[in-house]
Amino acid sequence: MMRYFLLLTVYLLFTLSGEAQRGCRSFEYAQEALQHDPGLAARVSAIEAFTHRQLQASPVIVTGTDPAGQNTQKGAVSLIQIPVVVHIVYSNSSQNISDAQVQSQIDVLNADYHKQNADTARIPGYFSALAADCSFRFALATVDSSGHSTSGIVRTHTSVPSFSSNDNIKYTALGGDNAWDRDRYLNIWVGNLTGGILGYSSIPGGQKETDGIVVLYTAFGTKGTATAPFNLGRTATHEIGHWLNLIHIWGDSFCGDDEVSDTPPQQTSTQGNPSGMIVSCGNGPYGNMYMDYMDFTDDLGMHMFTYGQRDRMRVLFAEGGFRYPLLSSNALSGTPVTTGTAGGVVSPSNAMSLQFYPNPSAGAILVKMNDPARIGSVLEVYNQMGQRVLTQTVTELSFQMNLSSLPGGVYFARLQDSHRTDSYKLVKL
């Protein structure tokens with residue numbers, strides 16, 4: 001019953017194992033974040049509790065068995081689209097990677113998270129039944145945070161020669177580039193990282209302005225500066241796994257628990273590009289699943305996510321889940337802002353559906369809608385953890401919404417009907 005607290009324990013117990021590691025610093029980062037953010041532990045525990053409740057309440061259709069004859073969680077799942085913004089922070093021309101290199105990374109993500117990567121052929125037969133199509137699609141954003149057209153790539157020249165895992169790369173004032181709204185975008189920062197770091201990820205439940213992943217510019221994509229043995233784009237695949245709440249496959253402790261039932265226990269991380277069976281922690285007869293994306297093998301040795309990992313990631317997008325607001329993002333399909341004939345600005349169509357007065361507000365907000373056809377829509381309000389805190393059916397073009405019962409902070413209103421879903425930001429004083 002208390003299993004969901006294990007994730008927090010894993011975070012708190014994490015220590016580095018030395019520079020021979022692949023260079024993922026996600027759990028060092030998590031340890032430091034927990035020390036500096038007094039409320040983070042409670043938010044992480046709440047997300048983990050939500051994950052376990054959802055997985056128990058909504059089991060996936062079982063359609064197959066693993067090599068040992070046990071049921072595996074399989075079945076078709078709907079596609080989840082994730083808009084991406086890539087922040088390239090460079091101090092010299094070699095670090096200013098090309099658009100083609102960025103696109104090569106997006107292509108790798110779509111292959112890996114869709115089980116369309118050619119090297120699935122290298123998965124041993126005894127694990128192949130567990131390899132899952134996670135049904136995520138990643139695409140560079142076409143609408144930026146201000147509603148203007150974008151390539152989804154932001155280039156920032158910096159005087160900072162290199163960055164660590166202290167998040168400076170995520171702040172313009174510190175030589176990096178500010179994040180875009182995490183409820184509309186996956187932020188990926190690419191730059192020169194020091195200390196043998198290949199990448200790291202924020203924690204689900206962490207601060208909004210630091211949400212996303214960071215990747216070394218020589219470990220990003222498959223072209224240009226990408227350098228072996230980390231030149232197949234798997235660093236980003238691995239770090240996005242953390243961003244989607246996956247733990248390293250060995251549970252970040254000796255024979256630890258990664259909170260996924262169909263990954264075998266494993267003594268520690270795997271280095272290089274091994275082959276054959278490596279048995280540890282009593283996980284025979286097949287041994288370690290070192291070809292999993294959440295191990296530390298070289299890019300060439302990574303081939304799969306399991307169904308259990310798929311389900312754990314996708315739970316974040318269930319209603320009330322931490323990543324649920326991303327499903328309402330218009331960053332891939334919204335209408336960009338254009339300049340009108342009188343020199344004014346025409347806002348995206350979804351921004352005109354509702355207007356809120358005042359915003360920010362200490363309590364009551366007047367909501368005005370300009371489309372009578374949308375009467376009958378449901379207006380929902382979510383907090384920054386993706387929890388629904390208010391629901392109201394729209395019955396007229398002008399109505400009051402009372403936020404006085406909510407604590408101060410940023411909230412997200414979601415207007416939904418059978419035709420489309422629009423999202424808005426609200427601030428409660």
Side-chain angles (χ1 to χ4, degrees), residues 11 14 16-33 82 84-90 95 97 101-102 104-109 112-113 136 138 153-154 158 160 162-171 176-177 179 182 185-204 206 210-250 252 269-271 292-302 305 309 313:
Y11 284 147
F14 172 76
L16 291 176
S17 301
E19 288 304 315
Q21 296 285 356
R22 160 171 264 272
C24 169
R25 294 295 182 264
S26 291
F27 283 87
E28 178 193 34
Y29 176 88
Q31 183 187 49
E32 294 174 354
I82 299 181
V84 176
V85 53
V86 177
H87 308 261
I88 301 170
V89 182
Y90 64 97
Q95 298 168 12
I97 63 174
Q101 186 170 344
V102 172
S104 75
Q105 180 64 73
I106 299 298
D107 293 341
V108 168
L109 295 176
D112 289 351
Y113 279 85
F136 288 99
F138 300 85
I153 301 172
V154 180
T158 182
V160 179
S162 63
F163 296 90
S164 68
S165 59
N166 62 6
D167 278 342
N168 284 2
I169 197 171
K170 301 176 182 178
Y171 292 95
D177 191 51
R182 75 170 175 207
Y185 308 90
L186 161 58
N187 289 278
I188 300 178
W189 286 269
V190 181
N192 189 28
L193 306 180
T194 190
I197 301 172
L198 288 182
Y200 67 94
S201 172
S202 62
I203 313 169
T210 58
D211 191 271
I213 72 166
V214 181
V215 180
L216 178 67
Y217 77 101
T218 59
F220 193 74
T222 62
K223 299 180 178 181
T225 61
T227 305
F230 307 114
N231 60 334
L232 299 180
R234 265 54 193 272
T235 298
T237 298
H238 177 100
E239 298 304 340
I240 289 173
H242 287 312
W243 183 78
L244 293 171
N245 207 27
L246 292 186
I247 305 168
H248 287 137
I249 196 167
W250 68 98
D252 288 285
S269 62
T270 308
Q271 303 298 318
D292 190 273
Y293 293 125
M294 299 314 293
D295 206 338
F296 270 10
T297 44
D298 293 346
D299 282 16
L300 189 62
M302 290 184 164
F305 288 116
Q309 289 174 319
M313 290 188 284

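We number each residue from 1, following the sequence as shown.
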| query | Got a donor-acceptor contact below 3.5 angstrom from the Asp167 side chain to the Thr210 backbone? | reply | no

| message | Let me confirm one number: the CD-CD1 distance from Glu32 to Ile203, rounded to the nearest 0.5 Å. | response | 10.0 Å

| note | Heavy-atom closest pair (Phe220 atom, Gln101 atom, distance to 0.1 Å) is O-NE2, 2.9 Å

| query | Going from CG on Asp177 to NE2 on His87, what distance comes out if it is rounded to the nearest 0.5 angstrom? | reply | 5.5 Å

| field | Check: Thr225 main-chain N/O paired with Thr227 side-chain donor or acceptor under 3.5 Å | value | yes

| query | Can you list the steps and then say if Phe136 with Leu109 is a side-chain contact (heavy atoms from CB on, under 4.5 Å)? | reply | CA-CA 9 Å; Phe136 288 99; Leu109 295 176; over 6 Å; no

| task | Give a yes or no on whether the backbone of Ile240 and the side-chain of Ser201 come within a donor-acceptor separation of less than 3.5 Å. | result | no

| note | Rounded to the nearest 0.5 Å, the OG atom of Ser164 sits from the OH atom of Tyr200 at a distance of 7.0 Å

| query | Is it true that a side-chain atom of Asp299 and a backbone atom of Gly233 form a donor plus acceptor pair closer than 3.5 Å? | reply | yes

| request: Run the ring-centre check on Phe138 versus Tyr113 and record whether the distance is less than 6.0 Å. | output: yes

| Expected output: side-chain Arg234 to main-chain Met302 donor-acceptor under 3.5 Å | yes

| said: Keeping Asn166 on the side-chain end and Asn168 on the backbone end, is there a donor-acceptor pair under 3.5 Å? | reply: yes

| said: Ignoring hydrogens, what is the shortest heavy-atom contact between Gly195 and Arg25? Give both atom names and the distance. | reply: O-NH2, 3.8 Å

| message | side-chain contact (heavy atoms from CB on, under 4.5 Å), that's the test. Do Phe296 and Thr270 meet it? Break it down for me. | response | CA-CA 5 Å; Phe296 270 10; Thr270 308; 5.7 Å; no

| Could you give the distance from CE (Met294) to OG (Ser269), rounded to the nearest 0.5 Å? | 12.5 Å

| task | Given side-chain contact (heavy atoms from CB on, under 4.5 Å), test Val85 with Leu186 step by step and report yes or no. | result | CA-CA 6 Å; Val85 53; Leu186 161 58; over 6 Å; no

| field | Under 3.5 Å donor-acceptor, Thr222 side chain and Ser104 backbone | value | no

| message | Tell me if a side-chain donor or acceptor on Gln309 pairs with a main-chain N or O of Leu246 at a distance below 3.5 Å. | response | no

| query | Do Val102 and Val190 pass the side-chain contact (heavy atoms from CB on, under 4.5 Å) test, and can you show the C-alpha distance, the side-chain angles, and the key distance before you say yes or no? | reply | CA-CA 10 Å; Val102 172; Val190 181; over 6 Å; no

| query | Just how far is it from atom NZ of Lys170 to atom CG of Asn187, taken to the nearest 0.5 Å? | reply | 8.5 Å

| request: Ignoring hydrogens and angles, tell me if any N or O in the side chain of Tyr185 forms a donor-acceptor pair with the backbone of Ala179 under 3.5 Å. | output: no

| said: Rounded at 0.5 Å granularity, tell me how far CD1 in Ile88 sits from OG1 in Thr158. | reply: 14.0 Å

| request: Give the minimum heavy-atom separation between Ser162 and Thr194, together with the two atoms involved. | output: OG-CB, 3.7 Å

| message | Which label fits His238 and His242: parallel for a plane angle under 30°, tilted from 30 to 60°, or perpendicular past 60°? | response | perpendicular

